[in-house]
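Model, not experiment: these values are computed from the prediction.
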Amino acid sequence: PVDPESEEGWIHVVSTQPQLFDKISNDPFISAGNTGNFLMASGDTVSISPGVYKAGLFTDEANMFALSRLFGTLECQETLLCSLDGGGSIPRRVMMVTGTGPGVLKVKGIRVVNGAKDVGLIYGGGVYVNTGYGSAGEARVDFVMCSFENNEANVSEYNHFLPLFPLTSR
């Protein structure tokens with residue numbers, strides 16, 4: 001469902017993990033070609049209904065969601081009552097963001113939980129923001145009133161202390 005267009009773009013309301021995947025997971029390189037079917041446009045808002053969104057059939061082996069060259073807003077309708085949970089039978093990173101184009105991806109009021117490190121690689125944790133991913137360019141992400149719980153990270157030159165994203169991220 002799409003609400004009327006605002007000055008900043010469309011507002012998309014989602015209430016299931018497959019719907020959320022369809023709106024935000026657009027990186028075919030990271031997702032091995034498995035991308036969403038009804039993607040938000042840059043500048044749009046995805047309004048997430050309260051609940052637990054757990055890794056499932058709509059993800060690849062390493063990432064629950066993979067976003068590239070996409071900016072806008074991901075927001076929980078009720079602060080901290082939306083959990084993006086990377087746990088499950090195959091633990092995985094909750095979100096990878098590679099490039100946001102000319103804008104900023106705003107993540108508001110979301111809990112990121114049980115994000116697993118990417119075995120054998122330097123990326124890790126609940127959210128990985130890649131600040132220089134080839135042609136996708138720099139990724140800029142603002143986390144507002146978010147919670148990060150029980151997320152792992154590989155120790156590397158990129159994320160010695162933060163299980164969320166590399167130290168070079170904004």
Side-chain angles (χ1 to χ4, degrees), residues 2-3 5-14 17 19-27 30-31 35-36 39-53 55 59 62-86 92-115 117-118 122-153 156 158-170:
V2 179
D3 290 338
E5 190 171 17
S6 71
E7 280 186 352
E8 297 175 357
W10 290 91
I11 298 172
H12 308 271
V13 178
V14 298
Q17 196 273 342
Q19 289 174 341
L20 182 57
F21 178 88
D22 274 345
K23 289 295 172 199
I24 68 171
S25 206
N26 72 333
D27 191 329
I30 299 298
S31 300
T35 60
L39 294 166
M40 68 182 275
S42 285
D44 286 0
T45 295
V46 175
S47 177
I48 305 169
S49 298
V52 175
Y53 296 77
T59 59
N63 299 286
M64 189 169 163
F65 303 107
L67 295 76
S68 180
R69 299 181 186 153
L70 193 62
F71 65 89
T73 303
L74 306 178
E75 65 183 0
C76 183
Q77 293 170 3
E78 295 183 41
T79 301
L80 299 178
L81 292 182
C82 301
S83 294
L84 305 184
D85 187 344
R92 62 201 76 216
R93 178 187 309 116
V94 174
M95 186 184 307
M96 181 170 185
V97 182
T98 55
T100 53
V104 174
L105 178 66
K106 297 173 190 153
V107 181
K108 298 180 179 179
I110 294 174
R111 292 178 65 228
V112 176
V113 299
N114 301 322
K117 61 186 174 185
D118 190 353
I122 59 174
Y123 319 127
V127 176
Y128 176 71
V129 178
N130 191 326
T131 58
Y133 178 69
S135 63
E138 182 177 75
R140 294 177 290 160
V141 181
D142 287 345
F143 295 95
V144 180
M145 296 294 294
C146 291
S147 170
F148 299 88
E149 304 162 34
N150 197 36
N151 293 295
E152 299 176 325
S156 74
Y158 297 103
N159 54 4
H160 285 291
F161 306 107
L162 296 175
L164 311 174
F165 45 85
L167 296 173
T168 56
S169 295
R170 293 184 191 181

Tell me the closest heavy-atom pair linking [X] and [Y], and the distance in Å.
X	Y	value
R140	G103	NH2-O, 3.2 Å
G109	C76	O-CB, 3.2 Å
V97	A139	O-CB, 3.8 Å
Y53	L20	CD2-CD2, 4.2 Å
F71	M40	O-CE, 3.8 Å
S25	A66	OG-N, 3.0 Å

Any side-chain to backbone donor/acceptor pair from [X] onto [Y]? Under 3.5 Å, distance only.
X	Y	value
R93	E152	no
S47	V13	no
T100	R69	no

### Query
Do S147 and R111 get their side chains close enough for a donor-acceptor pair, meaning under 3.5 Å?
no
How about [X] and [Y]: do any of their side-chain heavy atoms sit closer than 4.5 Å?
X	Y	answer
S42	L70	yes
V113	N150	no
M95	L67	yes
M64	Q17	yes

### Query
What residue among V94, N114, V112 forms side-chain contact (heavy atoms from CB on, under 4.5 Å) with D85?
N114
#### Entry: Spacing of OG1 belonging to T73 relative to CG belonging to D142, to within rounding of 0.5 Å
9.5 Å
### Message
I need the I24 CD1 to I48 CD1 distance, nearest 0.5 Å.
### Response
6.5 Å
### Task
Apply side chain to side chain contact (heavy atoms under 4.5 Å, CB included) to L105 and L74, showing your working.
CA-CA 8 Å; L105 178 66; L74 306 178; 4.2 Å; yes
